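Notes follow once the structure below has been shown.
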Number of protein chains: 2
Amino acid sequence: MNSYTEENYLKALFNLANETGEVNVNELSKWLEIKMPTVTSMMKKLAEKKLVHYESYKPLRLTEKGKKEAGLVIRKHRLTEMFLVNKMNFGWEDVHDIAEQIEHIQSPVFFEKMDELLGYPKIDPHGSPIPDSNGKMIWKVYEKLSDCKVGETVKLLAVINTSSNFLKFLNSRELQLGLKIKIKSIEAFDKSMVVSYSKRQNESLSQLVTERLLVEKDK
Amino acid sequence: MNSYTEENYLKALFNLANETGEVNVNELSKWLEIKMPTVTSMMKKLAEKKLVHYESYKPLRLTEKGKKEAGLVIRKHRLTEMFLVNKMNFGWEDVHDIAEQIEHIQSPVFFEKMDELLGYPKIDPHGSPIPDSNGKMIWKVYEKLSDCKVGETVKLLAVINTSSNFLKFLNSRELQLGLKIKIKSIEAFDKSMVVSYSKRQNESLSQLVTERLLVEKDK
DNA sequence: ATATTTTGTTAGTCTAATCTAACATTATAT
DNA sequence: ATATAATGTTAGATTAGACTAACAAAATAT
């Protein structure tokens with residue numbers, strides 16, 4: 001069994017991993033807002049438990065066991081977010097902090113029940129995949145809205161940033177998952193986009209926004 | 001803000017308090033399965049925080065502030081049990097351990113939402129009162145079934161012990177809150193009762209059981 | 001009334017998870 | 001190629017919450 005704290009490190013390692021699965025001590029330290037020496041010592045502990053590959057001065061990498069256990073924490077987090085939104089009527093902007101706590105509840109049946117009541121969902125309210133009960137997660141390859149071209153019509157399928165402020169901003173523009181968005185123009189100097197969707201015509205979105213919106217070309 | 005551990009001590013003090021609101025260090029120690037010296041030092045800490053009246057060698061007593069905060073933890077616990085039973089289809093025998101964890105979630109809106117979805121319940125699935133949002137709890141005065149007399153018909157309104165084993169036993173006899181129970185006879189030598197309720201005629205219940213069932217005389 | 005048992009406290013140790021200060025290694029820039 | 005900056009580690013301190021051993025006070029029994 002991993003402690004509350006260990007679960008948080010595992011989750012962070014999973015979420016921060018680059019293409020090769022590597023994370024630096026410094027990145028992890030900044031992400032968790034925990035000083036580097038503390039991170040180093042926790043990495044040694046997790047290495048003892050065969051959850052992390054650790055060698056001095058080398059980047060960190062989760063072991064297979066570590067990936068699985070991290071995946072299971074993320075599963076609990078995302079099932080919780082889905083439950084809060086679909087069964088308890090919370091807005092998607094309000095679920096992150098609660099899920100950060102509930103993800104550490106030790107009770108397999110509790111999360112199995114959530115899963116069942118939700119009808120075994122595959123994605124969470126922000127469009128992120130929910131790992132299966134073995135901790136395995138399949139990421140669909142989405143495109144950033146910021147990488148799309150003028151004239152294209154795309155479907156909004158996920159958001160990268162799940163901070164309350166960003167999601168409240170999306171709410172204020174009535175931007176939600178599933179929407180079809182048409183790109184009318186792109187400003188050359190700041191990469192901001194003018195787009196149309198549902199009843200909104202010619203809304204302007206800054207690059208900070210468009211690169212956090214994940215889309216699929218409309219077929 | 002009280003820590004997870006502090007919340008558990010407060011709750012225990014509340015639950016163990018006798019008529020005069022007093023609890024001994026020893027009782028508390030046994031209840032929590034934490035050694036006496038640890039309890040003593042925690043009591044000093046809670047006294048610092050004005051949550052407990054503490055004097056060397058004297059019984060412990062929650063302050064008004066302490067009672068309120070303990071009541072709020074119990075509120076979170078009982079709302080959670082109610083939610084698990086009524087909204088997530090758990091049996092009343094399976095909710096205690098999960099509620100022990102969820103009661104420590106720090107998120108007022110989370111519990112407000114539960115309360116709202118449940119329709120502001122006044123009692124939990126075991127018949128215990130749910131404290132209000134100021135931590136105030138009103139205990140109805142029930143009678144123990146074991147104190148009732150032959151010939152009386154009573155209504156089962158609460159159970160004292162909420163251990164999974166006891167509740168599973170009640171399930172196996174189809175005993176549930178709200179039932180009308182008629183006392184047919186009482187064995188003199190072991191105080192066991194023969195009772196009838198719903199479709200069950202002449203069920204025998206040991207004193208260990210009858211003194212854990214809280215009832216009201218049928219009017 | 002005194003001895004014994006039970007209850008409660010003090011003093012000091014331990015572990016998990018954090019920190020700072022100082023030092024070591026690796027990466028970057030001139 | 002070397003100086004500087006960034007990153008990472010070691011050593012030692014701190015805090016919360018637990019423990020044991022030893023002692024002290026209160027309750028109980030003879």
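Please read all numbers here as calculations on a predicted model, not as lab measurements. In what follows, chains carry the letters A, B, and so on, assigned in the order in which the sequence lines appear, proteins first and then strands, with residues in each chain numbered from 1.
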For this session: Return the set of residues passing side chain to side chain donor-acceptor pair (under 3.5 Å) with Lys11(B) (not counting sequence neighbours), or none when no residue passes.
Result: Glu100(B), Glu103(B)

For this session: In whole angstrom, give the distance that lies between atom CG of Leu28(B) and atom C1' of dT6(C).
Result: 17 Å

Can you tabulate the close N/O pairs, meaning under 3.5 Å, that link protein atoms to atoms of nucleotides 24-27 of chain D?
none

For this session: Would you jot down, in residue-number order, the residues of residues 4-25 of chain B having a non-hydrogen atom under 4.0 Å from DNA chain C?
Result: Asn24(B), Val25(B)

Exercise. Among all residues two or more places apart in sequence or in another chain, which pass the side chain to side chain donor-acceptor pair (under 3.5 Å) test with Asn161(B)?
Worked result: Ser163(B)

Exercise. Can you list the residues that meet the side chain to side chain donor-acceptor pair (under 3.5 Å) rule with Ser172(B), with sequence neighbours excluded?
Worked result: none

For this session: Fit a plane to each ring of Phe169(B) and Phe166(B), take the angle between them on a 0 to 90° scale, and name the class: parallel (under 30°), tilted (30 to 60°) or perpendicular (over 60°).
Result: parallel

Seminar exercise, completed: Residue set satisfying salt bridge (Lys or Arg N to Asp or Glu O under 4.0 Å) with Glu143(A), at least two apart, ordered chain then number -> Lys217(A)

Exercise. Residues in salt bridge (Lys or Arg N to Asp or Glu O under 4.0 Å) with Asp115(B), at least two apart?
Worked result: Arg75(B)

Seminar exercise, completed: Quick note, side-chain hydrogen bond (donor to acceptor under 3.5 Å, both in side chains) partners involving residues 124-137 of chain B, not counting sequence neighbours, are Glu81(B)-His126(B)

Seminar exercise, completed: Out of dC19(C), dG8(C), dC19(D), minimum distance to the side chain of Lys35(A) belongs to dC19(C)

Exercise. Going by number, which of residues 38-46 of chain A have a non-hydrogen atom under 4.0 Å from DNA chain C?
Worked result: Thr38(A), Ser41(A), Met42(A), Lys45(A)

Problem set entry | Side chain of Pro37(B) - closest among dT20(C), dA21(D), dT7(D) | dA21(D)

Exercise. Tell me the salt bridge (charged side-chain N to carboxylate O under 4.0 Å, His left out) pairs involving residues 52-62 of chain B, sequence neighbours left out?
Worked result: Glu55(B)-Lys58(B)

For this session: Mind checking side chain to side chain donor-acceptor pair (under 3.5 Å) for Glu19(B) and listing every partner two or more places apart, or none if nothing turns up?
Result: none

For this session: Keeping to residues at least two apart or across chains, list the salt bridge (charged side-chain N to carboxylate O under 4.0 Å, His left out) pairs with something in residues 29-42 of chain A.
Result: none

